[in-house]
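See structure below.
Just follow the structure's listing: the first ligand is 1, and inside any ligand the first atom is 1. Position 1 is the first residue of the sequence, and the numbers go up from there.
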Amino acid sequence: MGAERVSVRCCIAGGGPAGMMLGLLLARGGVDVLVLEKHADFLRDFRGDTLHPSTLEVMHELGLLDGLLKLPHQKVMRLKGQFDDLALTVADFTHLRTRCRFIAFMPQWDFLNFLAEKAARYPTFQLRMRAEVTDLIEQEGCIAGLRAETADGPLEIRASLVVGADGRHSVVRARAGLPVEEFGVPMDVLWFRLSRRSDDPDDPIGRFDAGRIFIMLNRGEYWQCGFVIAKGSRDELQARGLPAFRESVAQLAPFLADRVGELQDWAAIKLLTVQVDRLRRWYRPGLLCLGDAAHAMSPVGGVGINLAIQDAVAAANLLAGPLRAGRLTTEDLRRVQDRRDWPTRVTQRVQLFIQDRIIKRVLGAADTLTPPLPIRLLARFPFLSRIPARLIGLGVRPEHVKTPSV
Ligand SMILES: Cc1cc2nc3c(=O)[nH]c(=O)nc-3n(C[C@H](O)[C@H](O)[C@H](O)COP(=O)(O)OP(=O)(O)OC[C@H]3O[C@@H](n4cnc5c(N)ncnc54)[C@H](O)[C@@H]3O)c2cc1C
């Protein structure tokens with residue numbers, strides 16, 4: 001059977017935050033757009049589930065905020081941390097000059113389903129699930145479309161623009177041969193769930209002890225727990241046995257001691273191999289990469305979704321007009337990188353600084369932990385917590401929706 005052939009103005013590989021937001025914005029701007037997502041649904045565990053003030057601002061600009069906030073979520077006004085015995089507020093969002101002065105914790109699948117539902121109102125929007133992009137179609141040095149495998153067989157799509165929004169293991173960026181710069185990372189993260197009780201604390205918890213970092217996010221009925229380990233040390237940890245791991249968790253969060261037994265085997269504990277990289281060039285004629293496909297972020301500050309959404313907003317602002325008019329140039333694609341490369345670089349630089357100066361030291365400490373200087377300063381001068389709040393909550397170049405709804 002031959003491949004099904006489709007022609008669209010813009011084809012987006014990947015229905016994550018970057019791809020779905022771009023799809024929605026382009027369709028709203030009157031561009032004929034098709035999003036391909038390889039999974040059958042948006043359900044995935046242990047994903048970035050944070051909607052930052054800048055993302056909530058974008059949703060407000062789209063007139064979608066009230067509807068979004070009707071979905072179940074938890075509001076976090078402050079991020080707190082504990083370094084050995086030193087308790088402090090790391091980021092205080094209540095001073096931001098935005099509509100929402102909090103981070104909304106919402107399952108990513110709820111957010112993506114919401115975007116899909118709102119995008120479907122536009123006749124120029126199409127989403128195909130179970131459509132896995134496998135290759136690019138190239139013509140005279142220009143990307144002219146892509147190939148995908150779907151539940152109904154092979155699919156061949158011709159498009160004026162192909163967008164790689166297919167995440168950190170992007171097939172699109174690999175096939176396009178775009179040059180990648182990789183950065184060293186000192187850690188990996190183990191994610192797992194433990195049940196939450198009504199008398200547990202509400203706020204997220206960040207606990208820094210000599211050799212260990214433990215993050216707990218309140219997800220309503222359960223705690224989403226992140227146990228940060230030195231890069232490549234999972235095997236060693238496993239060799240010490242599950243009871244020793246449970247004991248470690250109970251020491252870091254004593255109120256969990258009565259339920260660490262819920263961790264019955266290592267299969268319940270998922271490894272996130274942390275990776276930080278960035279494309280040197282985000283585009284080629286006919287192709288653009290965005291979000292994690294252009295820059296995999298460190299989990300420090302949990303800003304990956306934020307940046308992915310901001311990339312999508314900037315791309316839609318710059319590309320909707322030329323795409324609609326059928327006069328997209330490679331120069332337009334360069335403008336998207338020019339706009340988003342700087343905030344990405346600054347954010348990654350700050351993340352790498354924190355990884356190097358704080359996380360590496362904490363993980364390398366043998367018995368006692370002296371809080372690093374930035375932490376001592378934050379503890380001494382609480383108003384400084386507005387700076388991380390701004391960086392985490394808004395980023396260094398917040399984007400605003402400029403495309404008119406057509
Ligand atoms: C465990 C974990 C925890 C995280 N925690 C946070 C957090 O708290 N806050 C935060 O902001 N960020 C967090 N992140 C990072 C965040 O999830 C990402 O930065 C963000 O989702 C990037 O969005 P994206 O749309 O660029 O890529 P992705 O979210 O990776 O989406 C890519 C999409 O493309 C699809 N896809 C991949 N390949 C193909 C293909 N060949 N064909 C078709 N579709 C394809 C994937 O199925 C996926 O739906 C976390 C990441 C992980 C792994």
(Q) Less than 4.0 angstrom from a charged side-chain N to a carboxylate O is my criterion; do Arg197 and Glu221 meet it? (A) no
Does Glu37 come within less than 4.0 Å of ligand 1, judged by its heavy atoms? yes
Margin query: Surrounding CD of Glu331 (heavy atoms of other residues, nucleotides or ligands, distance under 6.0 Å), is the total greater than 12?
Written below: yes
Less than 4.0 angstrom from a charged side-chain N to a carboxylate O is my criterion; do Glu399 and Arg397 meet it? no
Per-atom filter on ligand 1: closer than 4.0 angstrom to a heavy atom of Gln108 are 17 (O), 21 (O)
- prompt: Does Asp277 pair with Arg173 as a salt bridge, N-O distance under 4.0 Å?
  reply: yes
Using a strict threshold of under 4.0 Å (side-chain N to carboxylate O), is an ion pair present between Asp32 and Arg9?
no
#### Entry: Residue pair Phe208, Gln82: steps toward the side-chain contact (heavy atoms from CB on, under 4.5 Å) verdict
CA-CA 6 Å; Phe208 295 73; Gln82 175 125 10; over 6 Å; no
Using a 3.5 Å cut-off on N or O atoms only, is Val171 in polar contact with ligand 1?
no
Under 3.5 Å between any N/O of Ala308 and any N/O of ligand 1: does that happen in this structure? no
- Between Gly304 and ligand 1, is there a nitrogen or oxygen pair with a distance under 3.5 Å? yes
Logged contact type for Ala165 with ligand 1, heavy-atom cut-off 4.0 Å, is backbone
Electrostatic pair Glu37:Arg130 at N-O distance under 4.0 angstrom: no
Geometry only, no angles: is Asp292 polar-contacting ligand 1 at N/O separations under 3.5 Å?
yes
Would you say ligand 1 has an N or O under 3.5 Å from any N or O of Arg168? no
Counting from 1 in the order shown, the ligand 1 atoms closer than 4.0 Å to a non-hydrogen atom of Thr50 are 7 (C), 8 (O), 9 (N), 10 (C), 11 (O)
ask   = Honestly, is Arg281 close enough over Tyr283, meaning NZ or CZ under 6.0 Å from the six-membered ring centre and within 45° of the axis?
value = yes
Q. Using 4.0 Å as the upper bound for N to carboxylate O, is an ion pair formed by Asp66 and Lys70?
A. no
*Using distance alone, determine whether Glu132 and ligand 1 share an N or O pair under 3.5 Å.*
no
Taking only non-hydrogen atoms of Leu272 and a 4.0 Å limit, the atoms of ligand 1 in range are 1 (C), 2 (C), 53 (C)
In ligand 1, the atoms that come under 4.0 Å of a heavy atom of Ala131 are 42 (N), 43 (C)
If we number the atoms of ligand 1 from 1 as shown, the ones under 4.0 Å from a heavy atom of Gly14 are 33 (C), 34 (O), 35 (C), 44 (N)
Using a strict threshold of under 4.0 Å (side-chain N to carboxylate O), is an ion pair present between Asp332 and Arg335?
yes
* Asked: Is it true that Asp202 and Arg196 have a side-chain N and a carboxylate O under 4.0 angstrom from each other?
  -> yes
Any heavy atom of Trp191 under 4.0 Å from ligand 1? The part involved is side chain
Ligand 1 atoms nearer than 4.0 angstrom to some heavy atom of Gly302 are 7 (C), 9 (N), 10 (C), 11 (O)
Basic-acidic side-chain contact under 4.0 Å: Asp209, Arg207: yes
* Between Asp49 and Arg219, does at least one N-O distance fall below 4.0 Å, as a salt bridge requires? -> yes
Report task. Could you tell me whether Ala18 and ligand 1 have an N or O pair separated by under 3.5 Å? Result -> yes
Checking heavy atoms under 4.0 Å, the part of Val303 that sits near ligand 1 is backbone
For this session: Please indicate whether any nitrogen or oxygen in Pro17 is less than 3.5 Å from any nitrogen or oxygen in ligand 1.
Result: yes
Any N/O pair His39/ligand 1 closer than 3.5 Å:
yes
Quick note on ligand 1: atoms under 4.0 Å from a heavy atom of Gly291 include exactly 26 (O)
Under 4.0 Å from one or more heavy atoms of Leu36, ligand 1 contributes atoms 43 (C), 44 (N)
